[in-house]
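We number each residue from 1, following the sequence as shown. Computed from heavy atoms alone, side chains included, the values below leave out hydrogens, waters and symmetry copies.
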Amino acid sequence: MKAIFNRLDKSLKGEVLTDEYSLGMYATDASIYQIKPFAVVLPKDAEDVKNAISVAQKNKISILPRGAGTSLAGQTVGKSMILDFSKYMNDLLEINVTEKWARVQPGMVRDNLNAELKPYGLHFAPDPATGSRANVGGMVGNNSSGTKSILYGKTVDHILEAKVILADGTSLGLKNCSSEEYRKRASQNDREGEIYAVFKKLVDTHVKEIKKRFPKVMRRVGGYNLDEFVHTDQWNLSKLICGSEGTLATTLELKLNLVDLPKYKSVCVAHFAEILEAISAVESILPFSPSAIEILDKTVIGLSRENLTTKNHCHFLEGNPEAILIVEFYGDTMDEVMDRPLQMIAELKASGLGYAYPIFPEGEAYEDVWVIRKKGLGLMLGLKGNKKPLAFIEDAGIPSQHLPEYIDQVLKICEKNGAQATMYAHASVGVIHVRPILDLRLEEDIQRLKAITEDTFELVMKYKGSWSGEHGDGLVRSAYNKRFFGETLYKVFLDIKKLFDPDNLMNPGKIVEAQTIEHNLRYGTAYQDQAVRTEYQYRVEGGFGASVHMCTGVGECRKIIGGTMCPSFKATRDEEHSTRGRANALRLAMSNQFGEKGLTSQRLHEVMDLCLSCKACKSECPSNVDMAKMKSDSLQMYYDEHGITLRDKLIRDSARAAANIAGWKANMINPLQKTKLFRSILERAVKFDKRRKLPGFAKRPFYKWFAMHAHKTNVGDKKVVLFADTYLNYHEPQVGISALQLLNSCGYEVILANVGCCQRPKISHGFLRDAKREGVRTTQGLKKFLDKGLKVVVCEPSCASALNDDLPDMIADTEMAEQLKNGVMMIDVFLSNELEKGHLDVRLEPISKALAIHGHCHQKALYGTNAMKTLVKDSTRKIQEIPSGCCGMAGSFGYEKEHYALSQKIGNEILFPAIKKLHKDHEIVACGFSCRHQIAHFTEARPKHFVEAVRAVKIN
């Protein structure tokens, strides 16, 4: 088999992946299943797709088209050749603003498409929660919908045309046909004619059965979309491809209907003391024409209040509701979108439903509400422990009048089977995702999975609902299609499958001829993790294994627009460089599915290599997967097995070297390391790229300057401790001087904590035992200040994160760990807190006419950049934040020869172009030492730390 794919690789412009690690990373999606594919092909164009399919057809290898792999039903896993369109075939090909349509390749991400359409006042309306990474081709394959389906319907309502290729190589252009045009196509003496003719005969013969058996709810995506052809004489076979889950053809291009963006929006959050009360309220809300009604239960609400990212968006929650309904309104005027919710609230109050109903027009608070909704799925799946809320009965679409009774009975089914459940999603259209909480490593929970599914299926049939409401059939529901649609229509499905795909090569085992629910589980009774020795405690996660298992496959790390996670994926579009890819690799290695070397293998080292330890996943991932920690532990394991290089030693000992060189030696070393000869030798010896100039050393360390000068001005009514990190101490003492002056001018006497390195270089580079040993000395040096109740402020974000995020999870002293978490903070956060408490009699203003802020990754992930903006918000100067993601330097990463180009590419995504467009009046603020050097290296800018860019002004 490998020989076949090796020959294919040579014939393609794209890539062919056949190694065990790549196949393992494509063996799962966001479902409960795992099946290793034969190979993964990343085609660059339609010709590549045709060549790949030709090879598959000749060798009878099945084919599985795939986008972001976010399927919750298992559509995108199989023992097949996977065609991943997301890396290369992701272009917007054409927009017609007048006729309101767009032509796209299947790998185009839904949110990226809408970002390009926004200037025209248009959008592609279906809006699944995974829209930040969902490929349009996958949305078509799954017939996706989303929160606004009550207004916009499903993807099938917006597909106009499709160019597809069948498994036998036949290309088809599918579009709307009049009766006459359809008849002409059906009369052709070729494969296209055969398909058109036989399909029409199948539908015409079974019109009554189709009308009878297809559910009458709007949210129905099970089986093949035969009901699209019984109420019209305008037939469009692209609507049959929609929802076919890749079982009929491979899509090459799509023409999509676009709709106008709403002019005005508002959202009301109705709070309820009981879950069934919330569901009962839906019928009272529908007459007020909302664009969405979304339900979140107490589990999702509670997790939202704990999650690092979402807790900052939870201000709209009042009390402790058992459930909330997020009710959105669209309209042509602001009065309209504010009046309708007020009328709705009056109705709810009159009916005694709910206890709080805050309303927010479009704006920051409005967006906060939707952040909580969109993160809901990942938050649920990230529950700690082996038991997880699983997707298997969650997709039923129930007529709204029966919804309260249905949910009540489903919860009783779960209770009868000894399973708790959580729920969220589309109350407006009767699709409430109920997730029983199970551990499929246990045989008794597998039996619960089957029993709960069986009872719930019977309930859906009783209420004449849809078994597949939006997530599709896949591996989890396809086995029920014969019972759901009946023998007659199931035979029609089989005939359609054979008509398009006579050799059963297109994603077999989905929709028809499927396995039963309990096979090919990602976690089954045979699953077993090996014991792993780690240096981190993983106190919050519950251990290294539990930390790995927090990744559920929802794939938010694959988003391209917004946020910082995951910079190497954004630059490469490679699955293995996403947080999900790395977590899957760790899981498979940890469970010995990659052989005996497991977590110490060279290939796993390669997978982890491009993790920049940015910590964005710790906050942006809905499950809070902390890949930076796991990377460091895996590096320590790798060193223990393979040893370390000279470069590793230099990075490990960089803080000590800085302390030894700063001072009189800097006069010799600084000029030397700038020379081309020195940089060339360094590149040959340790592979630091010669295009980089290493940071210079201070001629006088900050702690010495402090001892000589601070006593002259360092007086104040209040005291604060300034941590002397390696960077301000031995490289850029001007940052320390500015910090001292700023704190003094705010009324603080500054105590210098020159107690050693925070251990950031060792932590990020995997020398965790050394970091733990030396870190204990540093933390003991801070303890004398923390015991007095003093706050320790830090200028360097990566040092702050080492002291109050990393070291607390390494050291054995839990009391000290809590002191570090609570007592160490970024200097801007400290001052912002003091301002809020009324402890400052000054305000801060930029020294320059305007500030442009670039946030360090750790700063954005753990602390945010709002403190800086809050401190200068009353200034008349212009303040803006560059939506820059990661700068690409990441400590030593950008200096390493093999990473130089990627480091540049990451910065070029947003940051460097944004800086080059700024007016010369802008002072660029970058609190990260690495960020400042990266910006200076690739642009003409000379950024400053925040403390250098502002001054305190007395409030009159």
Suppose we call two aromatic rings close when their centres sit under 6.0 Å apart. Are F392 and H471 close by that rule?
no
E576/R603 salt bridge by N-O under 4.0 Å criterion
yes
Closer than 4.0 angstrom, basic N to acidic O: yes or no for R133 and E556?
yes
Heavy-atom pair with the smallest gap, counting every atom of L17 and S22:
CB-CB, 3.8 Å
With Y21, which residues qualify under side-chain hydrogen bond (donor to acceptor under 3.5 Å, both in side chains), at least two apart?
S601
Counting the benzene-type ring for Trp, do F5 and F38 have ring centres under 6.0 Å apart?
no
Closest non-hydrogen atom pair, N584 against R522:
OD1-NH1, 4.5 Å
Classify the ring geometry of Y152 against H123: parallel below 30°, tilted from 30° to 60°, perpendicular beyond 60°.
perpendicular
Would you sort out whether K265 and E328 count as a salt bridge (Lys or Arg N to Asp or Glu O under 4.0 Å), showing the intermediate values?
CA-CA 7 Å; K265 306 176 188 177; E328 184 186 52; 5.4 Å; no
Check whether NZ of the Lys or CZ of the Arg K148 lies under 6.0 Å from the centre of the six-membered ring of W370 and within 45 degrees of that ring's axis.
yes
Does the ring center of Y523 lie less than 6.0 Å from the ring center of H549?
yes
Determine whether more than 12 heavy atoms belonging to other residues, nucleotides or ligands lie under 6.0 Å from atom NZ of K60.
yes
Show your working on side chain to side chain contact (heavy atoms under 4.5 Å, CB included) between K510 and D473 and close with a plain yes or no.
CA-CA 7 Å; K510 319 303 192 304; D473 292 333; over 6 Å; no
Testing L93, T98, V97 one by one against I95 for a side chain to side chain contact (heavy atoms under 4.5 Å, CB included), which residue passes?
V97
Can you list the steps and then say if L166 with D501 is a side chain to side chain contact (heavy atoms under 4.5 Å, CB included)?
CA-CA 7 Å; L166 306 184; D501 180 28; over 6 Å; no
Does E161 come within less than 4.0 Å of K239, counting only side-chain N to carboxylate O?
no
I'd like to know whether the aromatic ring centres of H433 and Y424 sit less than 6.0 Å apart in this structure.
yes
Identify the heavy atoms of N90 and Q105 that sit nearest to each other, and give their distance.
N-OE1, 3.2 Å
Partner of E575 under side-chain hydrogen bond (donor to acceptor under 3.5 Å, both in side chains), chosen from K87, R580, R66, R582
R580
